[in-house]
Number of protein chains: 2
Amino acid sequence: MKPKTHRLGDLQLKIMQVLWSRTEATVADVHEALSHQIDLAYTTVATMLRKMELRGLVHHRNEGRSFVYRPAVAASEVTRNMADDLVDRLFHGSLTAAVNHLLTTREVSRDELARLEQLIAEKRRTS
Amino acid sequence: MKPKTHRLGDLQLKIMQVLWSRTEATVADVHEALSHQIDLAYTTVATMLRKMELRGLVHHRNEGRSFVYRPAVAASEVTRNMADDLVDRLFHGSLTAAVNHLLTTREVSRDELARLEQLIAEKRRTS
DNA sequence: GACAAACTACTACCCTGGTAGTATTACCAG
DNA sequence: CTGGTAATACTACCAGGGTAGTAGTTTGTC
């Protein structure tokens, strides 16, 4: 029953992010929130939300004549599934390979490195 | 002119991986190589390769009556672009957030943690 | 009660990935 | 030269994301 959440399109993800950030939103709310990033017709957002509901990504309830949408899947789940999917596809599931890749291809500030080191040290202690 | 390589479909990526692993391959080669993972018609592979050439992902040369395909984009580039794309979409470009997420949602063995720590230590030294 | 505003419903496209069948061509074996 | 085989070319289709117009409904306001 649970939807496959490992591949969301750009717009879908953006919409989900809006919903996650406020737990509930009308079409107008979402449209408003996205208007700063992209210029979309109101109906585009509405249509997308309807499609997303079919896919099980969101629910809605009626409030007067408007639909109030809320996420049907948690941000953590989607993020996790999308990340896992990519790690699987690109690095055969190897976390080390993935992190290694990220570290070697991106500019990483000294600060960030320190933070990462700390993060791992923490993990090692608690695992 | 360079193709956007940040989103490859499943099949496309699998095909690229075959090409990368042997630098050149005929349709038959690719089909053969993938037959262990998935059952595809020969023409499916051929069609996909043609589409990929249109997209600028591969090149081909003629050898007798067969096409010999080779990658038009490097594995490192694709991997990098795909990874970056995801980090941008999910973590607003924050590497730390991405790594943090990976560490907290996946099972990470003690061994792997050690390897990661080493990796970061290395980075810190050379950066 | 009439009208504009706000919404949803429906429909229609386009694009790309994926999948594969059919047609055509080239070549090799007998 | 005939038939089979192996290739590519062409065509077709489906699904899903993305985008949006138009139609219809509800409702609040003069």
Side-chain angles (χ1 to χ4, degrees), chain A residues 3-19 24-35 37-70 73 78 81-82 85-86 89, chain B residues 3-19 24-35 37-70 73 78 81-82 85-86 89:
Chain A
K4 299 188 204 312
T5 58
H6 52 111
R7 296 230 190 130
L8 294 205
D10 267 340
L11 180 56
Q12 297 184 337
L13 186 58
K14 287 201 182 97
I15 289 177
M16 288 310 293
Q17 282 164 350
V18 172
L19 293 184
E24 273 198 346
T26 64
V27 177
D29 291 337
V30 175
H31 182 240
E32 197 343 64
L34 293 181
S35 67
Q37 298 181 55
I38 26 173
D39 194 34
L40 291 172
Y42 181 92
T43 53
T44 299
V45 178
T47 304
M48 201 56 188
L49 275 165
R50 217 157 340 100
K51 285 187 177 183
M52 287 167 75
E53 184 156 35
L54 283 181
R55 247 193 83 179
L57 295 175
V58 301
H59 293 308
H60 87 272
R61 66 185 171 78
N62 283 71
E63 184 168 300
R65 40 245 127 265
S66 325
F67 286 3
V68 181
Y69 286 95
R70 81 193 131 78
V73 290
V78 172
N81 286 341
M82 287 183 71
D85 184 53
L86 203 81
R89 293 204 318 145
Chain B
K4 298 189 203 315
T5 59
H6 52 110
R7 297 235 186 124
L8 294 205
D10 266 341
L11 181 56
Q12 297 184 339
L13 186 58
K14 286 202 182 98
I15 288 177
M16 289 309 292
Q17 281 163 349
V18 172
L19 292 184
E24 272 198 345
T26 63
V27 177
D29 290 338
V30 175
H31 182 239
E32 196 344 63
L34 293 180
S35 67
Q37 298 180 55
I38 26 173
D39 195 33
L40 291 173
Y42 181 92
T43 53
T44 299
V45 177
T47 304
M48 200 57 196
L49 275 164
R50 216 157 340 101
K51 285 188 176 181
M52 288 166 75
E53 184 156 35
L54 282 181
R55 248 193 82 180
L57 296 175
V58 301
H59 292 308
H60 87 271
R61 64 183 170 79
N62 283 71
E63 184 167 301
R65 41 242 126 265
S66 322
F67 285 4
V68 180
Y69 286 95
R70 82 194 130 78
V73 290
V78 172
N81 286 340
M82 288 183 72
D85 183 54
L86 203 82
R89 297 209 308 149

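Throughout, protein chains are lettered first and strands after them, A, B, ... in sequence-line order, and every chain is numbered starting at 1.
Between A:R7 and the phosphate of D:dG17, there is no side-chain N or O to OP1/OP2 separation shorter than 4.0 Å. Between B:T44 and the phosphate of C:dG18, there is no side-chain N or O to OP1/OP2 separation shorter than 4.0 Å.
Separation of atoms OH (B:Y69) and CE (B:M52) is listed at 10.0 Å; rounding is to 0.5 Å.
For A:L54 and D:dA15, the CG to P distance is 14 Å, given to the nearest whole Å. Distance, B:I15 CD1 to C:dG17 P: 11 Å, rounded to whole Å. If you take CG of B:D29 and P of D:dA6, they are 15 Å apart, rounded to a whole angstrom. For the pair B:H31 NE2 and D:dT8 P, the computed distance is 12 Å after rounding to whole Å. What separates CG of B:L11 from P of C:dG17 is a distance of 10 Å, to the nearest Å. Look at CD on B:Q12: it is 4 Å from P on C:dG17, rounded to the nearest Å. Atom CG of A:N62 and atom P of D:dT26 are 12 Å apart (whole Å). When the C1' atom of D:dG16 is taken as reference, atom CE of A:M52 falls 13 Å away, rounded to whole Å.
Between B:V68 and B:E63, the closest heavy-atom pair is CG2-CB, 3.7 Å. Listed here is the closest heavy atom pair of B:M48 and B:L11: CG-CD2, 3.8 Å.
Between B:H31 and B:Y42, the ring planes are perpendicular. Angles over 60° get that label, and only those under 30° would be called parallel.
Backbone-only engagement by A:L40 is indicated by non-hydrogen atom pairs under 4.0 Å involving sugar-phosphate atoms exclusively.
Judged purely by atom type and a 3.5 angstrom limit, B:T44 has no side-chain atom pairing as donor or acceptor with the backbone of B:L40.
A salt bridge does not link A:R55 to A:E53: none of the charged side-chain nitrogens sits closer than 4.0 Å to a carboxylate oxygen. A salt bridge links B:R7 with A:D10: the distance from a Lys NZ or Arg NE/NH1/NH2 to an Asp or Glu carboxylate oxygen falls below 4.0 Å.
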Just the table, please: protein N/O against nucleotides 7-14 of chain C N/O, every pair under 3.5 Å.
residue, atom, partner, partner atom, Å
C:dT8, OP1, A:F67, N, 2.9
C:dT8, OP2, A:Y42, OH, 3.3

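If A:L8 and A:G64 are placed on DNA chain D by their nearest nucleotide, the residue sitting closer to the 5' end is A:L8.
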